[in-house]
Novice: 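I am attaching a structure below and will ask some questions about it afterwards.
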Amino acid sequence: MSTVHPPASTDTQDRPARLTVGVVGAGRVGPALAASLQLAGHRPVAVSGVSDASQRRAEKMLPGVPLVPPAEVLQRADLVLLTVPDDALPGLVTGLAETGAVRPGQLLVHTSGRYGVSVLDPALRAGALPLALHPAMTFTGSPVDVQRLAGCSFGVTAPGELRLAAEALVIEMGGEPEWISEESRPLYHAALALGSNHLITLVAQSMELLRTAGVGAPDRMLGPLLGAALDNALRFGDAALTGPVARGDAGTVAAHIAELREHSPQTVAGYVAMARATADRALAHGLLKAELAEDLLGVLADEGTRTGTAPGDGTGTGTDADDDENGPEGNDR
């Protein structure tokens, strides 16, 4: 098979040797990564996908690339992307190794945020070269995903001897490699899910409430506000906190909860939990005055008792089977 050599620069002659690429799991992630590798000069040769949606996606993103069973993908490709849901990954790797589908010297890459390379141990014993490359991006299953990979961070985990090769592949896809140790993968993935997946839930809830309040275009109203809030949070962290919780406006928070209880009771528990977490951080950073915090936390504690959520320190609240329908987690994964 072709051999991956870590590049000394980004010049074409110094890039990794051209590889044949296969995809096992034609969810939103795999075809986008394969298409990106194709732009870098690699050659997609096979893809597997069970559902009608995944097959249509593969045909759109990788036109002309044959749809074949997973074992045949491994037979055809030097570099195989395993882009299936996290919970399906261990069984897939074990099954491929036990059936003899894994070839010695074959690059086997999974895109799970949760796992490092140890999940690929069965394939490693069969002679594969294991890599974990997780794009910290949310995917749509459309060609726009390839563009979004430009400048996207990838959580990279690999054996020491393959680290440079892994980083080179990420760079070829337009990404920025970020080294994540094996033991830190679950925490890394939890952080991305907290920031990305939960953000979508919060924004969707906010838009629903604005529609109920009579706002005709909640997306236009929220866009500038959320864009500024995100920019401020990334620049200044907790110092960017504003609003009634950070100010200690207990009466306003109580009014919010009363309105949510009437119009959207399913959002109350989340509002209270996030308000507690915000109050804790505002207190810790001197934004919320202690004398104002008592009434505020009292309101939140009372509501926590009513809704059955345990008052605490504010830190806790509460796809296709064969494909990774990644959402960054983004990448969501």
Side-chain angles (χ1 to χ4, degrees), residues 138-140 190-234 236-285 287-319 325-333:
T138 183
F139 289 81
T140 65
L192 293 180
L194 183 66
S196 174
N197 303 153
H198 297 177
L199 176 62
I200 292 174
T201 300
L202 291 172
V203 173
Q205 288 180 340
S206 181
M207 287 199 295
E208 289 174 356
L209 293 168
L210 286 172
R211 289 190 191 98
T212 302
V215 175
D219 54 340
R220 289 206 301 268
M221 177 173 283
L222 284 174
L225 173 65
L226 297 183
L230 177 60
D231 183 65
N232 289 342
L234 293 174
F236 307 115
D238 289 299
L241 280 173
T242 61
V245 173
R247 292 193 299 266
D249 291 341
T252 299
V253 171
H256 287 177
I257 293 171
E259 288 297 306
L260 293 176
R261 194 183 304 117
E262 178 179 354
H263 296 287
S264 183
Q266 69 274 15
T267 65
V268 173
Y271 179 97
V272 170
M274 290 303 298
R276 285 197 195 115
T278 301
D280 287 346
R281 300 190 74 88
L283 269 170
H285 289 81
L287 301 173
L288 174 59
K289 296 178 180 179
E291 60 270 22
L292 297 177
E294 185 175 354
D295 287 345
L296 173 67
L297 294 175
V299 168
L300 297 174
D302 290 344
E303 187 58 37
T305 302
R306 174 194 285 255
T307 61
T309 58
D313 61 0
T315 60
T317 69
T319 60
E325 298 295 343
N326 196 37
E329 57 278 230
N331 155 309
D332 147 356
R333 296 177 59 86

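Numbering of residues begins at 1 and proceeds along the displayed sequence.
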Novice: Does T242 have any side-chain contact (heavy atoms from CB on, under 4.5 Å) partners at least two apart in sequence or in another chain, and if so, which?
Specialist: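 Once residues adjacent in sequence are excluded, T242 has no partner under the side-chain contact (heavy atoms from CB on, under 4.5 Å) criterion.
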
Novice: Partners of S264 by side-chain contact (heavy atoms from CB on, under 4.5 Å), sequence neighbours excluded?
Specialist: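 Partners of S264 by the side-chain contact (heavy atoms from CB on, under 4.5 Å) criterion, ordered by chain and then number, come out as L209, Q266, T267.
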
Novice: Work out which heavy atom in P244 is nearest to a heavy atom in V253; give both atom names and the distance.
Specialist: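 Minimum heavy-atom separation between P244 and V253: CB-CG2, 4.2 Å.
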
Novice: Of the non-hydrogen atoms in A246 and A282, which two are nearest, and what is the gap between them?
Specialist: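 It is CA-CB, 4.1 Å.
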
Novice: Could you grab the distance from atom CG of D238 to atom CG of L283, nearest 0.5 Å is fine?
Specialist: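 So the CG of D238 and the CG of L283 are separated by 11.5 Å.
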
Novice: By the definition side chain to side chain contact (heavy atoms under 4.5 Å, CB included), identify the one residue from N197, V203, T201 that meets it with L199.
Specialist: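 With L199 as partner, side chain to side chain contact (heavy atoms under 4.5 Å, CB included) holds for just one option, V203.
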
Novice: Tell me every residue that passes side-chain contact (heavy atoms from CB on, under 4.5 Å) with E208, counting only those two or more places apart in sequence or in another chain.
Specialist: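 E208: side-chain contact (heavy atoms from CB on, under 4.5 Å) contacts with R211.
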
Novice: With a 4.5 Å limit on heavy-atom distance, are the side chains of M207 and L210 in contact?
Specialist: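 Of all side-chain heavy-atom pairs linking L210 with M207, none is under 4.5 Å.
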
Novice: Looking at CD of Q205 and CD1 of I200, how far apart are the two atoms once the value is rounded to the nearest 0.5 Å?
Specialist: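 Between atom CD of Q205 and atom CD1 of I200 there are 12.5 Å.
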
Novice: Is the number of heavy atoms from other residues, nucleotides or ligands under 6.0 Å of R247 CZ greater than 12?
Specialist: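 Yes, the 6.0 Å shell around CZ holds more than 12 heavy atoms from other groups.
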
Novice: Check residues 218-233 and write down every donor-acceptor pair under 3.5 Å in which the side-chain atom is one partner and the other belongs to a residue at least two apart or another chain.
Specialist:
{"from": "D231", "atom 1": "OD1", "to": "R235", "atom 2": "NE", "distance (Å)": "3.1"}
{"from": "D231", "atom 1": "OD2", "to": "R235", "atom 2": "NE", "distance (Å)": "2.8"}
{"from": "N232", "atom 1": "ND2", "to": "A228", "atom 2": "O", "distance (Å)": "3.3"}

Novice: Can any side-chain N or O of S196 pair as donor or acceptor with the backbone N or O of L192 at less than 3.5 Å?
Specialist: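 No; judged by distance alone, with no hydrogens or angles, the pair does not exist.
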
Novice: Return each pair, listed once, that meets ring pair (Phe, Tyr, Trp, His ring centres under 6.0 Å) where at least one residue sits in residues 238-269; pairs must be two or more places apart or across chains.
Specialist: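 Residue pairs passing ring pair (Phe, Tyr, Trp, His ring centres under 6.0 Å), neighbours aside: H256-Y271.
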
Novice: Scan the side chains in residues 288-300 for donor-acceptor partners under 3.5 Å anywhere in the protein, sequence neighbours excluded, and list what turns up.
Specialist:
none

